[in-house]
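As a basis for the values below, the full set of heavy atoms in this structure was taken, side chains included, without hydrogen atoms, waters or symmetry mates.
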Amino acid sequence: MGSVTKIDEEIREDEEEAQAKVEIWKYIFGFTNMAVVKCAIELGIADAIENNEGPMTLSELSSSLGCAPSSLYRIMRFLVHHSIFKEKPSSQGTTVYVQTALSRRLLKKGEKSMVGLLLFESSHVMMAPWHNLSSRVLNDNNSPFEGAHGDDIWKYALANPAHSKLIDDAMACDAKLVVPEIVEGCPEVFDGVKTLVDVGGGNGTTLQMLVKAFPCIQGINFDLPHVVSAAPESEGVQHVGGDFFQSVPKADAAFLMWVLHDWNDEECIQILKNCKEAIQSDKGKVIIVEAVVGEEKGDKLEFVRLMLDMVMMSHTDAGKERTSKEWEYVLKEAGFSSYTIKPIRAVQSVIVASP
């Protein structure tokens, strides 16, 4: 029996070693996936095929984009290998490229476009802090972003309007994907809500979508003055500038999406206390749309939540993605008597906190 066990162990070790020889290359050259996808967005490959309303040959695509066929072929070969685009034979016997569900997420104005998030996370500004990640682990007071740029991300955005717009575009991109899942998955959280303040609402995309889905709601888009000053006007939405560490405008309910993960527990508690003060009655609520780490085993999006936690470590001073117990702690410390967590078909869940 002992010899059989030893043989099994040796086989397992050989299999692990064989797998490691392959897997390690994903980490050595892992950056190429993001870089090539960014290249595809900048070239407008998906847009060209979409505008053509049908498959395109390499010659047609290179002519449309104004680029060298030989270089474009290598880019397309990589993207096809990763199933971002597909190739198939045409009736004339040539090879043509066609869209996939994944490539349509690279459309600059597509309904399911992820371009805003991709261009934000792949920007030079957001990539530089990753080179300082180990300094954060060695000393929790070290901010990789500040190490790279001299200021935290919010001060940097204030001084650099182009980067501030990248942030707004990225958050709007996420809102277009997540808000429909909120509306479909838990519309009841907006029952009885006549006024809703979106705390840290950026350019107002989220609130515009919620007001459209629930026309009885009057929306208040609340963010830093320089952010709301650039927000477009929208029916049913009032833009208000301020600082959520100081106070939050009064409303029946406060809404926060991808805000609290940017801050440490003490800062979250302060924001939540201000939201609790802002809701106008005992029936008021605070609606939080954030990731909840480790909530459901086998969830296909859990790897995204874990990557986002690394993003928080790299890009914020003390932000993090939280487990349900960590959410319970900040909510109770902020004075909420009860809360519920409801998963939706997204990276985030909907957390509803009651006074």
Side-chain angles (χ1 to χ4, degrees), residues 31 34 38 114-175 178 198-206 221-231 239 241-246 248 256-272 274 288-291 293 304-322 326 330 347-348:
F31 66 91
M34 175 183 275
K38 182 179 183 181
M114 297 288 279
V115 166
L117 270 169
L118 276 159
L119 292 182
F120 172 60
E121 294 296 349
S122 64
S123 67
H124 294 292
V125 172
M126 301 309 283
M127 291 298 291
W130 288 105
H131 296 285
N132 301 321
L133 186 59
S134 58
S135 68
R136 171 70 180 271
V137 182
L138 290 167
N139 182 346
D140 213 30
N141 292 320
N142 287 337
S143 162
F145 192 95
E146 285 192 34
H149 302 297
D151 269 325
D152 68 34
I153 189 170
W154 313 116
K155 290 177 183 174
Y156 185 90
L158 178 60
N160 295 271
H163 188 68
S164 181
K165 186 176 186 309
L166 272 182
I167 295 174
D168 288 343
D169 289 347
M171 296 304 98
C173 169
D174 179 67
V178 177
D198 187 357
V199 181
N203 65 10
T205 299
T206 297
N221 183 48
F222 180 63
D223 212 314
L224 293 167
H226 77 275
V227 174
V228 296
S229 67
H239 298 295
D243 181 350
F244 52 50
F245 285 111
Q246 301 299 319
V248 171
L256 304 99
M257 184 162 77
W258 264 9
V259 170
L260 297 176
H261 70 170
D262 291 327
W263 307 99
N264 67 28
D265 286 352
E266 289 71 26
E267 291 164 328
C268 275
I269 291 164
Q270 184 58 55
I271 296 167
L272 287 167
N274 289 341
I288 302 161
V289 183
E290 292 273 6
V293 177
V304 184
R305 299 180 188 105
L306 297 177
M307 286 194 294
L308 275 169
D309 191 44
M310 295 298 97
V311 171
M312 293 301 105
M313 189 178 282
S314 176
H315 292 164
T316 69
D317 287 354
K320 62 180 180 179
E321 302 301 339
R322 292 175 168 85
E326 289 171 319
V330 295
V347 172
Q348 304 98 315

- Message: Any heavy-atom pair between the side chains of L158 and L224 that's under 4.5 Å?
- Response: no
- Is there side-chain contact between V347 and L308, with at least one heavy-atom pair below 4.5 Å? yes
- Side-chain donor or acceptor of N274 paired with backbone N/O of F245 under 3.5 Å: yes
- Do side-chain atoms of N221 reach the backbone of G202 as a donor and acceptor pair under 3.5 angstrom? yes
- Contact check, side chains of C173 and M114, non-hydrogen atoms, under 4.5 Å: yes
- Can you check whether M313's main-chain N or O pairs, donor with acceptor, with R136's side chain at less than 3.5 Å? yes
- Query: Tell me, which pairs form a side-chain hydrogen bond (donor to acceptor under 3.5 Å, both in side chains) where one or both residues lie in residues 154-169, sequence neighbours left out?
  - Reply: K165-D169
- Query: So, the side chain of D223 versus the backbone of V228: is there a donor-acceptor pair under 3.5 Å, distance only?
  - Reply: no
- Item | Minimal non-hydrogen separation, C268 against R322, with atom names | SG-NH2, 3.5 Å
- Item | Residue pairs fulfilling salt bridge (Lys or Arg N to Asp or Glu O under 4.0 Å) with at least one residue in residues 311-320, sequence neighbours excluded | D265-K320, K320-E326
- Query: What heavy-atom pair brings D174 and M257 nearest, and what distance separates the two atoms?
  - Reply: OD2-CE, 4.2 Å
- Backbone N/O of M312 and side chain of T316: donor-acceptor pair under 3.5 Å: yes
Pairs of donor and acceptor atoms involving the side chains of residues 115-127, under 3.5 Å and at least two apart or interchain, shall be tabulated with distances.
unit_1: S122; atom_1: OG; unit_2: L118; atom_2: O; d: 2.6
unit_1: S123; atom_1: OG; unit_2: F120; atom_2: O; d: 2.8
unit_1: S123; atom_1: OG; unit_2: M126; atom_2: N; d: 3.3

- Query: Are the side chain of S314 and the backbone of V311 linked by a donor-acceptor contact shorter than 3.5 Å?
  - Reply: no
- Can you find a pair of side-chain heavy atoms, one from I288 and one from L272, that are under 4.5 Å apart? yes
- Query: Does E290 reach the main-chain N or O of L260 with its side chain, forming a donor-acceptor pair under 3.5 Å?
  - Reply: yes
- Look at the aromatic rings of H261 and W258 and report parallel, tilted or perpendicular, splitting at 30° and 60°. parallel
- Item | Approximate separation, where rounding is to 0.5 Å, of Q246 CD and Q270 CD | 8.0 Å
- Sub-4.5 Å side-chain heavy-atom contact between F244 and V259: yes
- Query: What's the shortest heavy-atom distance between N132 and A148, and which atoms?
  - Reply: ND2-N, 3.6 Å
- Taking all non-hydrogen atoms of both residues into account, name the closest pair between D151 and F145 and its distance. O-CD2, 3.1 Å
